[in-house]
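A, B, ... follow the sequence lines: proteins, then strands. Residue 1 opens every chain. Everything numeric here is computed off the predicted structure, so don't read it as measured data.
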Amino acid sequence: KNEVEQSPQNLTAQEGEFITINCSYSVGISALHWLQQHPGGGIVSLFMLSSGKKKHGRLIATINIQEKHSSLHITASHPRDSAVYICAVSWDYGQNFVFGPGTRLSVLP
Amino acid sequence: NAGVTQTPKFRILKIGQSMTLQCAQDMNHNYMYWYRQDPGMGLKLIYYSVGAGITDKGEVPNGYNVSRSTTEDFPLRLELAAPSQTSVYFCASSYRDSPLHFGNGTRLTVT
């Protein structure tokens, strides 16, 4: 069974800081997903990646398949980035997903 | 496209009552999923479907039932509601390793 761990569990940052959230998993996967959930809100997919690095605006996601590890970076953080960030892994071409417990990020103005 | 539409947004049930959570997607995705999210916990899979007429149990299926008569719809039925089913429920869909698309969630309280 694939276990997904995230660190840190909670993170408080000042506006403008560079933020890193980590995810590790135990079994080989077909893809890793980063999701964002605002308080009381729905869940939005940020990235899906199976190798290398992807960038969207101020967000960057990287994955190291050999080390079974991924990082989500936020540059120039802003209070609107405050949310729970969830790492999920999939295999069997989308038939199975396992989710991490989430990292709660608060960015203070 | 509306994406994934879930109804209702909120519901309070008494112990022993039944209800159906509706989920519909208009993206022609073959995979659909029902998850529950308990406070401070990760998403847990209740049931999933890989296409119309095909469903299978996930990690926490007890107390729930599903059907998938069309590609678009994947309702979740709660029979004999129990306090342990108090949670936030999310429906999601995807297509063969594509990103997951989530509905806005249903907040259910069983008292």
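- The neighbour count for A/Gln9 CD, taken as heavy atoms of other residues, nucleotides or ligands under 6.0 Å away, does not exceed 12.
- Scanning all heavy atoms of the two residues, the minimum distance from A/Ile43 to B/Phe102 falls at O-CB, 3.4 Å.
- Placement of A/Ile65 and A/Phe47 within a single hydrophobic cluster is found when ILVMFWY residues are connected by side-chain heavy-atom separations under 4.5 Å, directly or transitively.
- Most heavy-atom pairs under 4.5 Å with chain B, from the set A/Gln37, A/Arg104, A/Gln6: that is A/Gln37.
- Between the NE2 atom in A/His33 and the OG atom in B/Ser94 there is a gap of 7.5 Å [rounded to 0.5 Å].
- Summarising the geometry of B/Phe90 relative to A/Gly42, their closest heavy-atom pair is CE2-CA, 4.2 Å, with the distance given to 0.1 Å.
- Here A/Phe99 and B/Tyr35 bring their ring centres to under 6.0 angstrom of each other.
- At a 4.5 Å heavy-atom cutoff, the contact between B/Gln37 and chain A is made by side-chain atoms alone.
- In this structure, the portion of A/Leu35 lying under 4.5 Å from any heavy atom of chain B is its side chain and not its backbone.
- When hydrophobic clusters are built by joining Ile, Leu, Val, Met, Phe, Trp and Tyr residues whose side-chain heavy atoms come closer than 4.5 Å, directly or via intermediates, B/Leu13 is not grouped with B/Phe10.
- Both A/Leu49 and A/Leu46 belong to a single network of hydrophobic side chains, linked directly or stepwise wherever heavy atoms of I, L, V, M, F, W or Y lie under 4.5 Å apart.
- Few gaps surround CD1 on B/Ile15; more than 12 heavy atoms of other groups in view lie less than 6.0 Å from it.
- Heavy-atom neighbours of A/Glu15 CD from other residues, nucleotides or ligands within 6.0 Å: above the threshold of 12.
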